[in-house]
Peer 1: 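One structure, as structure tokens, below. Some questions next.
Residue numbers begin at 1 in each chain, while the letters A, B, ... track the order of the sequences. These numbers come from the heavy atoms of this one structure, side chains and all, not from hydrogens, waters or symmetry mates.
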Amino acid sequence: MATLPAVRGTHDLLPEAAAKHNHVVATARGLGQAYGYGEIATPIFEQTEVFKRTLGDTSDVVTKEMYTFEDKGGDSVTLRPEGTAAVARAFIAGKMNDQLPLKFFYHGPMFRYERPQKGRQRQFHQIGIELFGVSDPVGDVEVIALGAQVLEKLGVRDWCTLELNTLGDTESRDAYRAALVAYFEGHLDKLSADSKERLHRNPLRILDSKNEGDRSIIEDAPRFDEHLTPAAQDFFGAVKAGLDDLGIAYTRNERLVRGLDYYCHTAFEFTTDRLGSQSAVLAGGRYDGLIGQMGGPETPGVGWAAGIERLTMLAEQWPEPPRPVTFIPLGEAADKALRKIAFGLRGQGIAIDMGYSGNLKRRMVRANKANARLAVIVGDNELAENQATLRDMDSGEQQTVPLADLALHLKD
RNA sequence: GUGCCCUUAGCUCAGUCGGUUAGAGCGCCUGGUUGUGGUCCAGGAGGUCGCCGGUUCGAACCCGGUAGGGCACCCCA
């Protein structure tokens with residue numbers, strides 16, 4: 001019988017890795033709660049239209065990376081490639097626009113049919129937050145601050161740089177886009193094929209091309225700052241001032257762009273050089289046009305998402321797993337007695353490790369592997385006197401205690 | 001989707017002018033301790049050398065294909 005491997009680009013989360021994932025999620029959820037972000041869980045798949053409408057028909061994600069299929073009813077559905085569109089859809093479907101502002105935290109698997117690499121799987125997991133209904137730059141600052149503190153708490157902040165940019169408002173962006181197209185059309189012959197392709201689809205994207213030839217042309221390209229309206233400049237200034245107030249350092253990256261139309265004003269990424277070519281750790285921005293574009297009421301939004309796998313690879317410090325108490329019965333009568341006691345203690349949330357077979361030596365080995373803090377040994381000797389031998393696994397010291405008092409000795 | 005590299009025991013890896021029974025460390029099992037782990041000592045199990053095919057008297061080693069992994073591009077968390 002042939003073995004059945006996991007699908008390419010997917011991985012099993014074994015207990016140790018799952019614990020790390022859970023810690024990342026719990027950290028983000030906890031900080032999110034401190035900021036008033038409530039957890040939302042949307043379906044793992046949506047009607048394909050949800051992502052087509054938000055990501056645009058021409059983006060790479062939609063054209064070649066989505067897991068799209070027809071269900072048995074003939075509807076086209078898609079495994080979600082990202083979280084924002086789904087949360088926005090839930091917001092619209094739930095008619096929550098009279099409860100603004102709304103703050104959501106989410107986490108879960110996302111799916112993209114990409115070529116797997118380090119820090120990039122076909123099923124990967126994200127944490128993310130969305131803030132709906134706040135058009136003021138204080139919203140941008142809050143969202144970034146929350147992201148920074150999540151990274152801080154996970155102990156990865158030191159490896160990350162906050163890159164910040166503005167995409168301005170619609171007026172600024174239209175003006176800039178026109179200026180860019182005009183400029184690049186004057187250098188068409190020297191542009192890479194990829195960038196020529198981007199020229200009419202996403203001229204802003206040319207700015208972050210890694211192509212050497214493009215780079216030199218980009219050097220002299222018009223600057224976004226020259227096309228920002230006063231209002232857009234004020235907005236960006238307020239975001240920067242807010243970050244300064246909180247002592248959150250950033251570097252301006254004028255090439256940090258978003259291709260999609262609904263993005264505006266703030267774009268930011270916490271990046272690292274420790275994950276190879278996958279530099280983005282936590283990325284987000286403002287998307288005031290998104291909800292309207294999806295058919296909902298015009299509602300401003302700002303948020304971010306971060307890859308749990310990437311965070312897990314970056315983090316070096318993890319919480320110590322709790323140490324159990326190992327129960328070691330010798331003989332059937334003792335096994336029966338200890339199982340009953342374990343039943344009660346486990347019900348109180350005390351971690352009891354108890355094997356299913358083996359002599360004392362084997363069971364001590366087991367206790368050691370479980371990193372037990374205590375071993376409770378009960379054999380015929382102890383049982384006859386209703387006592388237990390308590391062994392401190394660190395010091396090796398042993399004492400005899402009445403079975404009735406066991407619970408007291410096992411607390412903490 | 002494009003290019004380059006890699007794939008030997010559960011894990012991390014040695015092993016080429018192609019030549020008898022393919023090695024190490026860690027892990028695992030047994031014993032030294034008939035009721036005591038983590039250290040130490042002794043012994044042991046475990047590999048169709050990713051898979052398929054080819055060249056050859058003979059292939060872990062050479063060639064082709066394929067799958068998986070890695071890196072860069074693309075894109076993105």
Side-chain angles (χ1 to χ4, degrees), chain A residues 2-3 5-11 14 24 55 58-66 80-84 107-128 147 151 160 192-195 197-198 202 205 208-212 214 256-260 269-272 275-284 303-314 326 328-331 334 353 355 358-383 389-398:
Chain A
T3 56
V7 169
R8 167 117 118 137
T10 70
H11 290 97
L14 272 26
V24 169
L55 298 172
T58 56
S59 78
D60 277 2
V61 171
V62 167
T63 54
K64 43 192 191 195
E65 295 178 3
M66 295 204 310
R80 62 185 182 194
E82 57 104 21
T84 303
H107 73 94
M110 307 292 165
F111 305 84
R112 288 181 202 171
Y113 190 83
E114 296 181 280
R115 188 152 170 179
Q117 285 183 18
K118 181 175 193 170
R120 174 201 284 185
Q121 284 97 47
R122 288 183 175 176
Q123 175 178 334
F124 61 103
H125 300 77
Q126 287 188 327
I127 51 174
L151 298 178
C160 297
S192 68
D194 279 339
S195 288
E197 165 68 24
R198 283 184 281 229
N202 271 331
R205 286 233 76 107
D208 66 359
S209 169
K210 288 172 188 168
N211 180 283
E212 284 293 329
D214 289 352
L256 181 61
V257 296
R258 296 280 127 91
L260 307 176
E269 276 182 19
F270 287 87
T271 61
T272 184
L275 293 178
S277 67
Q278 260 51 248
S279 62
V281 174
L282 186 154
W304 53 251
I308 297 178
E309 284 83 356
R310 292 184 186 178
L311 289 168
T312 301
M313 285 187 283
L314 271 184
T326 295
I328 302 180
L330 302 171
D353 169 68
N359 58 20
L360 178 54
K361 184 185 169 86
R362 280 239 47 84
R363 288 178 183 262
M364 284 301 291
V365 169
R366 179 193 175 90
N368 197 54
K369 277 186 197 140
N371 192 29
R373 39 189 251 260
L374 292 170
V376 173
I377 303 164
V378 176
D380 293 337
N381 307 345
E382 288 89 349
L383 204 54
T389 297
L390 212 55
R391 179 181 178 87
D392 184 306
M393 292 297 288
D394 293 325
S395 68
E397 286 168 20
Q398 298 195 169

Peer 1: Has A/K369 got a side-chain N or O lying under 4.0 Å from the OP1 or OP2 atom of B/rC28?
Peer 2: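 For A/K369, the contact criterion (side-chain N or O under 4.0 Å from OP1 or OP2 of B/rC28) is met.
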Peer 1: What is the base-pairing partner of B/rU21, counting Watson-Crick and G-U wobble geometry with both distances under 3.5 Å?
Peer 2: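 Matched B/rU21 with nothing under the 3.5 Å cut-off.
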Peer 1: Taking donor-acceptor contacts at under 3.5 Å, does the side chain of A/N368 reach the base of B/rG37?
Peer 2: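 Between B/rG37 and A/N368, which were checked side chain against base, a qualifying N/O pair under 3.5 Å is present.
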Peer 1: Tell whether A/E382 reaches the base of B/rG35 with its side chain through a donor-acceptor pair below 3.5 angstrom.
Peer 2: yes
Peer 1: Taking any strand in view, what nucleotide pairs with B/rG64 in a Watson-Crick or G-U wobble way, both distances under 3.5 Å?
Peer 2: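 By the stated definition (distances under 3.5 Å), B/rC52 pairs with B/rG64.
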Peer 1: B/rG47 pairs with which nucleotide, Watson-Crick or G-U wobble, both distances below 3.5 Å?
Peer 2: none
Peer 1: Select base, sugar-phosphate, or nothing to describe what A/I377 touches, counting heavy atoms under 4.0 Å on all strands.
Peer 2: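 Base, at least one base atom sits under 4.0 Å.
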Peer 1: How far does the C1' atom of B/rG54 sit from the matching atom of B/rG47, given to the nearest Å?
Peer 2: 24 Å
Peer 1: Using 0.5 Å steps for rounding, measure from the NE2 atom of A/H125 to the CD atom of A/E309.
Peer 2: 6.0 Å
Peer 1: Which whole-number value in Å describes the distance from A/L275 CG to B/rA77 C1'?
Peer 2: 10 Å
Peer 1: What distance, rounded to whole Å, do you find between the two P atoms, one in B/rG43 and one in B/rA59?
Peer 2: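 Looking at atom P only, B/rG43 and B/rA59 are 35 Å apart.
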Peer 1: Can you tell me how far C1' of B/rU39 sits from CG of A/D394, to the nearest Å?
Peer 2: 15 Å
Peer 1: What is the pairing partner of B/rC26, taking Watson-Crick or G-U wobble pairs with both distances under 3.5 Å in any strand?
Peer 2: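 Looking at the geometry, B/rC26 pairs with B/rG10.
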Peer 1: Which heavy atom in A/M393 sits nearest to a heavy atom in A/A367, and how many Å separate them?
Peer 2: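 Between these two residues, the closest heavy atoms are CE-CB, 3.9 Å.
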Peer 1: Considering just the side-chain nitrogens and oxygens of A/R8, establish if one lies under 4.0 Å of OP1 or OP2 belonging to B/rG68.
Peer 2: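 For B/rG68, OP1/OP2 do have a side-chain N/O of A/R8 under 4.0 Å.
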Peer 1: What is the separation between atom CD on A/E65 and atom P on B/rC76, rounded to the nearest whole Å?
Peer 2: 8 Å
Peer 1: In whole angstrom, what separates A/M364's CE from B/rU33's P?
Peer 2: 17 Å
Peer 1: Using a heavy-atom cut-off of under 4.0 Å over every strand shown, decide if A/A283 touches base, sugar-phosphate, or nothing.
Peer 2: sugar-phosphate
Peer 1: Distance check needed: B/rC73 C1' versus A/R120 CZ, whole Å only.
Peer 2: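 Checked: the CZ to C1' distance equals 10 Å.
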Peer 1: Between B/rC49 and B/rG18, how far is it from one C1' atom to the other, in whole Å?
Peer 2: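 Pairwise C1' distance, B/rC49 against B/rG18, rounds to 14 Å.
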Peer 1: So what does A/G128 touch, heavy atoms closer than 4.0 Å: a base, only the sugar-phosphate, or nothing?
Peer 2: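 No contact.
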Peer 1: Any N or O donor-acceptor pair under 3.5 Å from the base of B/rC76 to the side chain of A/R112?
Peer 2: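 For A/R112, whose side chain was compared with the base of B/rC76, there is no donor-acceptor pair (under 3.5 Å).
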Peer 1: Between atom CG in A/D392 and atom C1' in B/rG38, what is the gap in whole Å?
Peer 2: 13 Å
Peer 1: Between B/rG35, B/rA77, B/rC71, spot the one nearest the side chain of A/Q117, thanks.
Peer 2: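 My answer, after comparing the listed nucleotides, is B/rC71.
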Peer 1: Using the side-chain heavy atoms of A/K118, tell me which of these nucleotides is nearest: B/rG37, B/rC76, B/rG70.
Peer 2: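 The answer is B/rG70.
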Peer 1: What's A/M110 touching, base or sugar-phosphate or nothing? Going by heavy atoms closer than 4.0 Å.
Peer 2: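 A/M110: no heavy atom of the nucleic acid under 4.0 Å.
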Peer 1: Using atom C1' in both nucleotides, what's the gap between B/rG1 and B/rC75 to the nearest angstrom?
Peer 2: 11 Å
Peer 1: Is A/K361 close enough to B/rG37 that one of its side-chain N or O atoms is under 4.0 Å from OP1 or OP2 there?
Peer 2: yes
Peer 1: Has the side chain of A/R115 got a donor or acceptor that lies under 3.5 Å from a partner of the other kind on the base of B/rU2?
Peer 2: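 Yes, a donor-acceptor pair under 3.5 Å.
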Peer 1: Which value, in whole Å, describes the distance between the P atoms of nucleotides B/rU20 and B/rC26?
Peer 2: 28 Å
Peer 1: Give one of base, sugar-phosphate or nothing for A/E114, where a contact means two heavy atoms less than 4.0 Å apart.
Peer 2: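 Since a base atom lies under 4.0 Å of A/E114, the category is base.
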Peer 1: What are the two closest heavy atoms between A/R8 and A/R122, and how far apart are they?
Peer 2: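 Shortest heavy-atom contact: O-CD, 3.3 Å.
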Peer 1: Is B/rU34 paired to anything, Watson-Crick or G-U wobble with both distances less than 3.5 Å, and if yes, which nucleotide?
Peer 2: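 When the pairing criteria are applied, nothing turns out to pair with B/rU34, so the answer is none.
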Peer 1: Does B/rG1 pair with anything, Watson-Crick or G-U wobble, both distances under 3.5 Å, and if so, with which nucleotide?
Peer 2: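 With both distances under 3.5 Å, B/rG1 matches B/rC73.
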Peer 1: Could you check whether A/Q398 gets within reach of a base, just the sugar-phosphate, or nothing at all, counting any heavy atom under 4.0 Å?
Peer 2: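 If one applies the 4.0 Å heavy-atom cut-off, A/Q398 turns out to touch a base.
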Peer 1: Rounding to a whole Å, what distance do you find between A/H107:NE2 and B/rA77:C1'?
Peer 2: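 Computing the A/H107:NE2 to B/rA77:C1' distance gives 16 Å.
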Peer 1: To the nearest angstrom, how far is A/L360 atom CG from B/rG37 atom C1'?
Peer 2: 9 Å
Peer 1: Please classify the nucleic acid contact of A/E309 as base, sugar-phosphate, or nothing, using heavy-atom distances under 4.0 Å.
Peer 2: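 Nothing: the residue A/E309, judged by heavy atoms under 4.0 Å, touches no strand.
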Peer 1: Considering just the side-chain nitrogens and oxygens of A/R362, establish if one lies under 4.0 Å of OP1 or OP2 belonging to B/rU30.
Peer 2: yes
Peer 1: In whole angstrom, give me the gap between the P atoms of B/rC52 and B/rG15.
Peer 2: 25 Å
Peer 1: Locate the shortest heavy-atom distance separating A/Q123 from A/P109; write the atom from each residue and the value.
Peer 2: NE2-CB, 3.4 Å
Peer 1: How is A/G284 classified with respect to the nucleic acid when contacts are heavy atoms under 4.0 Å: base, sugar-phosphate, or nothing?
Peer 2: nothing
Peer 1: Can you tell me how far P in B/rA60 sits from the matching atom in B/rA9, rounded to whole Å?
Peer 2: 14 Å
